[in-house]
Amino acid sequence: MGTAAVVVLVVLVVVVGALAAWAVSGYNGLVRRRNNYHNAFAQIDVQLTRRHDLIPNLVETAKGYMRHEQQTLEQVTAARTGAVQAQEQARSNPGEPGAMQELSGAESALTQSLGRLLAVSESYPDLKASQNMTQLSEELTSTENRVAFARQAYNDAVLSYNNKRETFPTNLLAGAFNFGPAEPLIIEDPEQRQAPDVSF
């Protein structure tokens with residue numbers, strides 16, 4: 001074997017080795033980022049479960065005072081049931097676009113129905129004065145804040161993963177190994193979208 005053939009063989013081995021190292025590094029990077037957003041979703045899951053567990057107590061407390069608001073209480077209960085079902089589906093496949101969109105819609109509906117319940121409860125002074133209702137409202141507010149923080153961490157992890165899988169050259173590996181897109185979790189609160197009323 002001549003010197004030229006040895007040089008070509010060495011260059012070929014180096015190139016193949018570099019490509020293999022790049023492929024392993026890229027694949028492992030995608031796996032790490034996918035595991036990160038799965039872990040971040042687990043934190044959301046814990047907080048959503050806490051939120052969902054508080055709602056029956058809130059509804060039960062309100063029932064004693066809000067006898068004429070049965071429809072509002074039923075809407076909250078139905079929205080909670082929908083959110084729990086969507087959470088179970090998302091838990092089995094975090095980041096999957098369909099499951100996350102379903103969870104987003106269900107949690108947004110729950111947020112809206114809870115907002116209506118709390119707005120209506122303002123019309124019942126005895127309910128507002130109830131120590132149990134006050135404590136549950138405070139726990140719910142605290143949980144909502146925890147959900148927001150966990151959701152932000154999850155969405156950041158999803159963004160990092162999606163950026164990695166969509167940028168060249170890692171997108172070649174992502175397509176070859178079926179690393180599909182991950183969906184962020186957006187819980188819409190209609191009050192946040194409304195412009196504040198300003199009066200002079």
Side-chain angles (χ1 to χ4, degrees), residues 33-63 65-66 69 72-97 99-125 127-162 182-198:
R33 282 173 174 81
R34 183 177 60 196
N35 290 344
N36 282 345
Y37 81 73
H38 280 196
N39 181 56
F41 183 80
Q43 302 310 311
I44 291 175
D45 190 47
V46 167
Q47 299 309 326
L48 289 180
T49 299
R50 178 180 161 84
R51 178 188 200 213
H52 299 159
D53 289 349
L54 285 170
I55 292 170
N57 294 334
L58 189 70
V59 168
E60 201 56 42
T61 298
K63 246 186 217 180
Y65 297 91
M66 300 171 64
E69 304 293 343
T72 303
L73 297 171
E74 288 171 359
Q75 287 173 345
V76 171
T77 302
R80 177 195 177 269
T81 300
V84 168
Q85 290 169 349
Q87 180 189 4
E88 288 172 7
Q89 185 179 4
R91 182 184 300 138
S92 66
N93 199 0
E96 192 275 318
M100 297 310 292
Q101 289 167 5
E102 185 76 26
L103 181 59
S104 292
E107 288 297 331
S108 295
L110 180 56
T111 297
Q112 290 174 7
S113 66
L114 280 171
R116 281 193 293 276
L117 172 64
L118 295 175
V120 169
S121 72
E122 294 292 318
S123 304
Y124 294 84
L127 177 59
K128 280 176 56 177
S130 163
Q131 186 176 2
N132 197 21
M133 186 66 172
T134 301
Q135 182 181 356
L136 286 169
S137 295
E138 287 172 3
E139 284 184 46
L140 188 60
T141 300
S142 170
T143 301
E144 298 289 351
N145 290 336
R146 291 178 188 176
V147 168
F149 286 125
R151 191 175 77 237
Q152 184 61 52
Y154 167 78
N155 288 345
D156 289 345
V158 163
L159 178 64
S160 174
Y161 166 78
N162 283 335
E183 184 81 12
L185 178 62
I186 298 164
I187 301 175
E188 294 202 13
D189 184 351
E191 291 178 12
Q192 292 177 347
R193 292 184 167 269
Q194 293 175 350
D197 292 330
V198 178

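It should be emphasised that the depicted structure is a prediction, and the values quoted were computed from it without experimental measurement.
By the 4.0 Å N-to-carboxylate-O rule, Glu60 lies close enough to Lys63 to be salt-bridged with it.
Arg33 contributes atom CZ, which lies 10.5 Å from atom CG of Leu159 (distance to the nearest 0.5 angstrom). In this structure, Asp53 CG and Thr143 OG1 are separated by 9.5 Å, a value rounded to the nearest 0.5 Å. Taking OG1 of Thr49 as the reference point, atom CG of Asp45 lies at 4.5 Å (rounded to 0.5 Å). Distance check, rounded to the nearest 0.5 Å: CG of Leu48 to CD of Glu88 gives 12.0 Å. Distance CZ/Phe149 to CD/Gln43: 14.0 Å, rounded to 0.5 Å. Atoms CG and CD, from Asn155 and Glu183 in turn, are 9.5 Å apart once rounded to the nearest 0.5 Å.
In this structure a side-chain-to-backbone donor-acceptor pair under 3.5 Å is missing from Glu69 to Thr72. Distance alone, capped at 3.5 Å, places no donor-acceptor pair between the Ser160 side chain and the Ala157 backbone.
For Glu138, the salt bridge (charged side-chain N to carboxylate O under 4.0 Å, His left out) criterion is met by no residue, not counting sequence neighbours. The salt bridge (charged side-chain N to carboxylate O under 4.0 Å, His left out) check on Arg51 picks up Glu107, Glu144, with sequence neighbours excluded. With sequence neighbours excluded, no residue forms a salt bridge (charged side-chain N to carboxylate O under 4.0 Å, His left out) with Arg116.
Ring pair Tyr65/Tyr124: centre-to-centre distance not below 6.0 Å.
A side chain to side chain contact (heavy atoms under 4.5 Å, CB included) with Ile55 is found for one member of Leu110, Leu136, Thr81, Val84 and no other, namely Leu110.
Considering every non-hydrogen atom in both Ala62 and Leu73, the closest pair reads CB-CD2, 3.9 Å. Ile44 approaches Tyr154 most closely through the heavy-atom pair CD1-CB, 3.3 Å. Of all non-hydrogen atoms in Glu96 and Ala99, the two that sit nearest each other are OE1-N, 2.7 Å. Here the shortest heavy-atom pairing between Ala86 and Ala106 reads CB-CB, 3.8 Å.
Inter-residue side-chain proximity for Arg146 and Val46 is flagged as unmet; no heavy-atom pair is nearer than 4.5 Å. Counting only heavy atoms from C-beta outward, the side chains of Leu54 and Arg80 never approach each other to under 4.5 Å. Using a 4.5 Å heavy-atom cutoff, the side chains of Val76 and Leu58 are not in contact.
Around atom CD of Glu139, more than 12 heavy atoms belonging to other residues, nucleotides or ligands sit under 6.0 Å away.
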Begin with the C-alpha distance, continue with both residues' side-chain angles, and end with the deciding distance and a verdict on side-chain contact (heavy atoms from CB on, under 4.5 Å) for Thr61 and Gln131. CA-CA 10 Å; Thr61 298; Gln131 186 176 2; over 6 Å; no
- Item | side-chain contact (heavy atoms from CB on, under 4.5 Å) between Phe41 and Met100, intermediate numbers included | CA-CA 10 Å; Phe41 183 80; Met100 297 310 292; 3.8 Å; yes
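Of the N and O atoms on the side chains of Gln89 and Asn93, not one donor lies less than 3.5 Å from an acceptor on the other residue.
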